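Take a look at the structure set out below.
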Amino acid sequence: MEMDKLVSLCKRRGFLFQSSEIYGGVNGFWDYGPLGVELKRNIKDAWWRDMVTGHDDLTKAEGAPEPYEMTGLDCTIIMHPQVWKCSGHYDLFHDYMVDCRQTNKRYRHDQVSGRWVEAKDKRIFATAGSDSDSPEEDITRQALKFFGLRNKHIEQLQWDGGITPLTDIKDFSQVLGPHAKELGTLTEPREFNLMFKTTLGALGGEEDAAFLRPETAQGIFVNFKNVLDSTRVKIPFGIAQVGKSFRNEITPRNFTFRSREFEQMEIEFFCHPDSSQKWYKYWRDRRFQWYLDMGIPEGKLILREHKPEERAHYSIGTADIEYAFPFLAEGEYGELEGISHRGDFDLRSHMLGKLDPNSEATPMEVELNEHGKPKYRGSGKDLTYRDEITNEKYTPHVIEPSAGADRATLALLCEAYTEDEAPDDKGKMKTRIVMKFHPRIAPIKAAVFPLVKRDGMPEMAKDIYRALKKQWNVFYDEKGAVGRRYRRQDEAGTPFCITVDGQSLEDQTVTIRHRDTLEQWRVKADDIVGEISKLINV
RNA sequence: GCGGGUGUAGCUCAGUUGGCAGAGCACAACGUUGCCAACGUUGUUGUCGAGGGUUCGAAUCCCUUCACCCGCUCCA
C-alpha cells in the first residue's frame, strides 16, 4: 500500500487533515476529522477499558505474578518547571547545539572537546565530538590530517594546554570541527529546545518559563503519593493516563508518525523491586497481545528487546512494540509503544533530586553541581511505600508501558486500508477501497438504508436507525443508488450495512451486509439491536 | 539541518512558446430504476500553496517563503 493513497483517503473521507491547512499548514501538526476523531477515540476508549476500568483486580491475570489494581489520572499539561529538571528531560531535551556547515553534522556544544595545537606556523583548535570513543586520539588524528602530516611526524604538532571543552572557546574561526577538513565551519551555539517553552502569567519573564509536558508519565510520578493517600490501592498497582504531549521534533515526517503535538496512553506500574522483572515481562507480553487483538496481524508486529547498551544501565529491560509501517523500508519497523523497566529512578529523583544517570552505585546517587549540592533539588517529600502487612518500607520499582495513541491510530489506518475487486451492477469487477477496521474501533458501527426512498421503506429504516443510535454511532442514508451508499460506507470502514427492502414491508425482516465478504443475510427487524451487538463484540 | 522532487476544484491529474482556468471522479437537486461506485437532465465547486518581481499580459519566467513526498542527518 502506498502512503499517498491512505493520505488522500484520509483527507477525502475526513479522517485526518493538515493542521491550519487554509494557511498552508504547520509542520508536524495534524487534525482529526469527523471520522478520525471517532476512530482515535475508540482506540483510546478500548485501551482505557482494557487496561483500567475493565481490569479484574480480584483474579490473577494470565501471565501476571499476582492480582493487581489499576486506576487512572488526568493531570495538567503544564507542571512545575522543577518536574522536568528532576525527570532528566530538561538536561536531555535542552541543549546548545553547534552545526558543522561542511559535514552537516550536529553536536552538543558541551560535548565537543578540543585542544590548541600548532604546526607549520598555524595554530588551530582541533576537536572531537561526543561520538568519539577516544577524544585524545581523534583530536590528534584530526590535527595530523589538517596539517597533512603522517604519523611519524607527530612530533611536529606543538600542543598548547590540555583538552578543554568547546564551551571555553568564544571565537570559532580557528576551530576545526570534529569531522571537518577546514577551519571555522561550526555555527555559533544555538539553543535547541525539544520541550515547548511557555510563560506563566501575562507579564512573565524568563524566570516564569514553564514547559508543555513532553510525556504524561511525570504527572503520574508527582501524584504517586496523592493516589496512595486517596484510594487505598496497594502495591502492585498501576496508574494510567491518556493525554497530549509536546515535543519539538527535529524532523517531523511520515504523516502523523512523528508529530510535535501528540497523544500518549501511559501506565506507570508500581511494584516491589523483587518482582519487578516478572512484571516487566507481563506488561511487555500483555501490551503486545493488545495490538494483535486490535487487528494488527502477527507478521507485521514485532516485540524488540533493547540490547543492554541501548538502554539506561539502571533499567533491567526495555522493549519496543513495532509495526511495519508502509512508509518504512522492507524489514524496518516503527515504534508504537515502549515498555521499560525504570527501576526507582523517577520516584527517587522526585524525592532527593535528579539522580545521576551515569551513577554506577546502587542505589544510584544524586547528580551534584560544582558546589557539591544536588544539581536539581527534589521535592523532599517521602515517596516511599510501606507494606502494611510486612511493614517493609521501600521505593517501588516502576514498569512503564508508554503507547502513542496517534501511532496506534496510524497503524490501524494503514492496516485497514485495502483495495479489492467487487462486481458492479453489471457484474463487471471494479476496484473497491475498503477500510477493514475491527468492528470495535470502526468510526461508524452500522449504516441503515432504505433500498428506495418510497413505499414506507424510509420510515421503517429510520426506526431501526433510532433504535441502534441509542447504543452506537450509526449512519442513515437514503440518497442515490444503494450500491453507491455501500461503497461510501466501505471507505469509512463501516462493518455492517442494514437495508430495508420490499420484502421488509411484508415480513418485517431486513438484510445485513458484511463489509469484507459482501455477504448478505436476513434478520428480523426487531432483533437487529441484539444482532449488531453480537457482531460488534466478537 | 542538507540534497532532490511536488504543490492547479473535495480527490486524481492535464494545461503546448507567457495569451479566456480544464477533464474524470466526487458532490447537490429532480426524474427513472430497484441490492453493490446505475442511467438521464440540471447544477455547484478555483486566493493555480503564499508573498514579491519581470511583462501590455504570469498557473507558466525570476526571487523569497510555506507545506508535503523521497534520500541523507537526527531521533528523547
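Letters A, B, ... mirror the listed sequences (proteins, then strands); counts begin at 1. Here the structure is a predicted model, which is why all the values come from computation and not from measurement.
At the phosphate of B:C11, OP1 or OP2 sits under 4.0 Å from a side-chain N or O atom of A:K11.
Comparing A:I22 and A:P214, the nucleotide of RNA chain B nearest to each residue sits closer to the 5' end for A:I22. When each of A:V452 and A:E21 is assigned the nucleotide of RNA chain B with its nearest heavy atom, A:E21 is the one assigned upstream, toward the 5' end.
For residues 487-529 of chain A, every residue pair satisfying the ring-ring contact (aromatic ring centres under 6.0 Å, His included) rule, not counting sequence neighbours, is listed here: A:F496-A:H514. Residues in residues 5-29 of chain A take part in these ring-ring contact (aromatic ring centres under 6.0 Å, His included) pairs, two or more places apart or across chains: A:F15-A:F437.
In this view, A:F255 and A:W30 satisfy the ring pair (Phe, Tyr, Trp, His ring centres under 6.0 Å) rule, not counting sequence neighbours. For A:R260, there are no salt bridge (charged side-chain N to carboxylate O under 4.0 Å, His left out) partners two or more places apart in sequence or in a different chain. The salt bridge (charged side-chain N to carboxylate O under 4.0 Å, His left out) search around A:E261 returns A:K244, not counting sequence neighbours. With sequence neighbours left out, the salt bridge (charged side-chain N to carboxylate O under 4.0 Å, His left out) criterion links A:R513 to A:D490. Judged as a salt bridge (charged side-chain N to carboxylate O under 4.0 Å, His left out), and not counting sequence neighbours, the contacts of A:K375 are A:D91, A:E367. Residues passing the ring pair (Phe, Tyr, Trp, His ring centres under 6.0 Å) test with A:Y486, sequence neighbours excluded: A:F449.
The aromatic ring centroids of A:F270 and A:F224 lie less than 6.0 Å from each other. The distance between the ring centers of A:F325 and A:F257 falls below 6.0 angstrom.
Residue contacts shown for A:E491 include a base, since a base heavy atom lies under 4.0 Å away.
The P atoms of B:A67 and B:A50 are separated by 15 Å, rounded to the nearest whole Å. Only the P atoms considered, B:U60 is 16 Å distant from B:U47, to the nearest whole Å. Comparing the P positions of B:G5 and B:C63 gives an interatomic distance of 13 Å, to the nearest angstrom.
A donor and an acceptor atom, one from each side chain of A:D138 and A:Q142, are nowhere located under 3.5 Å apart.
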Show the distances under 3.5 angstrom between N or O atoms of the protein and N or O atoms of nucleotides 23-32 of chain B.
unit_1	atom_1	unit_2	atom_2	d
B:A26	OP1	A:R484	NH1	3.0
B:C27	OP1	A:R488	NH1	2.1
B:C27	OP2	A:R484	NH1	2.8

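Among B:A37, B:C11, B:C35, the nucleotide with an atom closest to any side-chain atom of A:R487 is B:A37.
The salt bridge (charged side-chain N to carboxylate O under 4.0 Å, His left out) test with A:D320 singles out one residue from A:K307, A:R304, A:R287, and that residue is A:R304.
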**Message:** One character per nucleotide, please: for nucleotides 63-71 of chain B, 5' to 3', B when the base has a protein heavy atom closer than 4.0 Å, S when only the sugar-phosphate does, - otherwise.
**Reply:** ---SSSSBB
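Listed by residue number, the members of residues 343-353 of chain A with any heavy atom below 4.0 angstrom from RNA chain B form an empty set. Contacts of residues 511-527 of chain A with RNA chain B (heavy atom under 4.0 Å): A:T511, A:R513, A:L518, A:Q520.
A donor-acceptor contact under 3.5 Å links the side chain of A:R258 to the base of B:C75.
Across all non-hydrogen atoms, the minimal contact from A:E266 to A:I220 is O-CD1, 4.2 Å.
A 3.5 Å limit on both hydrogen-bonding distances identifies B:C2 as the Watson-Crick or G-U partner of B:G71.
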